[in-house]
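Note on naming: letters A, B, ... go to the chains in the order of the sequence lines (proteins, then strands), and numbering restarts at 1 for each one. Just so it is clear, the structure is predicted and the values come from calculations on it, not from any experiment.
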2 protein chains.
Amino acid sequence: MVQNSLIKGTLNPIILRLLSERKRLYGYEITQLVKEISDGKIELTFGALYPILHKLEVDGVVKTESEVINNRNRIYYSLTETGKNTAKERVAELEDFVNTLRVLLKPNFGLEYAIAK
Amino acid sequence: MVQNSLIKGTLNPIILRLLSERKRLYGYEITQLVKEISDGKIELTFGALYPILHKLEVDGVVKTESEVINNRNRIYYSLTETGKNTAKERVAELEDFVNTLRVLLKPNFGLEYAIAK
DNA sequence: TTGATATATATAAGTTTCTTATATATATTT
DNA sequence: AAATATATATAAGAAACTTATATATATCAA
């Protein structure tokens, strides 16, 4: 499992990334998808997930459809039109962040020129 | 600037990464180094930095040397022997996390085989 | 038929981790 | 004289999670 503290701040853009690649997803499905894609390394808890989804809905980023499947209620989330742009922005920020981290992790930070050790 | 919320949880391992590459660093120097390496994208504030450094010292991960330079006090931080192992572990976790994020950002999450869209 | 596991959503209390504001002090540049 | 750079530090507050708890149905194993 990924050190929990590292996840902070990345769950929101991760969820938007998932919704960008799929037409619609329901909450439980999102937790399973994150687990599967991350090879079990990222465990997205419900306590984190649902508040994020609810806020995204309030902010008009996602919209919901409720369906009863196997006698259980299932709430599908999908990006709104404006939400698609929001998702693009947040995902781009995450990509930028990942690239910055990669530089920080390079031997000597990729600064091959003269910087005193 | 990187979306602030993304930084959460990564500052600690980033500082340990810097200290792994340098013999010793002082606080102000760390903020400048992070700014330089990240091309201005990560702004490490003092309010975040010093509490982290103090905790690392209390935990025996870093040790300090105080020197007066240009009439100003300067506190150098360096990894202790056990701190070097701690740093290796935290940096490895961060590398692992970055790799996981990269998979999540891949088109279709790198899952080219059959997963219903 | 009982218990465990999987499916499914939800909220509240608590913790961690950072931001913002504030304080102090010297050196250098304009 | 004022602004900027250097240098460390703490406190209040906000953001973003974790952990605990609640509710309910379906399936599988003993």
Exercise for the section: Measure from CG on B/L11 to P on D/dA15 and round the result to the nearest Å. Expected result: 18 Å
Exercise for the section: For C/dT19, take OP1 and OP2 only and decide whether either is under 4.0 Å from a side-chain N or O of B/T45. Expected result: yes
Exercise for the section: Of all the heavy-atom pairs spanning A/A48 and A/P51, show the shortest one and how long it is. Expected result: O-CD, 3.6 Å
Practice task
From the options D/dT8, C/dT19, D/dC17, select the nucleotide whose nearest atom is closest to the side chain of B/I7.
Solution key: C/dT19
Problem - Nearest atoms (heavy-atom pairs only) where B/G9 meets A/L6 - result: O-CD2, 3.3 Å
Handout entry: D/dA9 OP1/OP2 closer than 4.0 Å to side-chain N/O of B/Y50
Key = no
Practice task
Name the nucleic acid region contacted by B/Y26, choosing base, sugar-phosphate or nothing; use a 4.0 angstrom heavy-atom cut-off, strictly under.
Solution key: sugar-phosphate
Practice task
Please determine if a side-chain N or O atom of B/H54 lies less than 4.0 Å away from the OP1 or OP2 oxygen of D/dT10.
Solution key: yes
Practice task
Could you please name the option among D/dT10, D/dT18, C/dA6 that lies closest to any side-chain atom of A/Y28?
Solution key: C/dA6
Handout entry: A/E43 CD to D/dT18 C1', straight-line distance once rounded to whole Å
Key = 12 Å
Exercise for the section: Remember a base hit wins even if backbone is also touched, and classify B/G47 as base, sugar-phosphate or nothing at under 4.0 Å, heavy atoms. Expected result: base
Exercise for the section: Identify the heavy atoms of A/S38 and B/T100 that sit nearest to each other, and give their distance. Expected result: CB-CG2, 3.5 Å
Handout entry: Length of the CD1-P vector between A/I14 and D/dA16, whole Å
Key = 14 Å
Exercise for the section: Would you mind classifying the nucleic acid contact of A/I52 as base, sugar-phosphate or nothing, using non-hydrogen atoms under 4.0 angstrom? Expected result: sugar-phosphate
Practice task
Using heavy atoms and a sub-4.0 Å distance, could you list which residues of residues 62-74 of chain B are near DNA chain C? By number, please.
Solution key: B/N70, B/N71, B/R72
Practice task
Starting at atom CG of A/L56, determine the distance to atom C1' of C/dT9, rounded to an integer number of angstrom.
Solution key: 16 Å
Problem - base_contact_polar (C/dT16 base, A/K8 side chain, donor-acceptor, <3.5 Å) - result: yes
Handout entry: No-hydrogen, no-angle side-chain donor-acceptor test under 3.5 Å, A/N12 and B/S5
Key = no
Problem - Whole angstrom value for the distance that separates P of C/dT16 from CG of A/L6 - result: 16 Å
Handout entry: NZ/NE/NH1/NH2 to OD/OE distance under 4.0 Å, A/R24 and A/E67
Key = yes
Practice task
Heavy atoms only: give me the nearest A/Y28-A/T31 pair and the separation to one decimal.
Solution key: O-OG1, 2.6 Å
Practice task
Grab the CD1-P distance between A/I75 and D/dT23 for me, whole Å please.
Solution key: 18 Å
Exercise for the section: Answer with base, sugar-phosphate or nothing: what part of the nucleic acid does A/G27 contact at a heavy-atom distance below 4.0 Å? Expected result: sugar-phosphate
Problem - Separation of C/dA12 P from A/F46 CZ (nearest whole Å) - result: 18 Å
Could you list the donor-acceptor pairs under 3.5 angstrom formed by side chains in residues 53-63 of chain B, with sequence neighbours left out?
from, atom 1, to, atom 2, distance (Å)
B/K55, NZ, B/D59, OD2, 2.7
B/E57, OE2, B/T64, OG1, 3.1
B/K63, NZ, B/L79, O, 3.3

Problem - Separation of D/dT19 P from A/L44 CG (nearest whole Å) - result: 13 Å
Exercise for the section: Verify whether one side chain among A/R102 and B/N99 offers a donor that lies under 3.5 Å from an acceptor in the other. Expected result: no
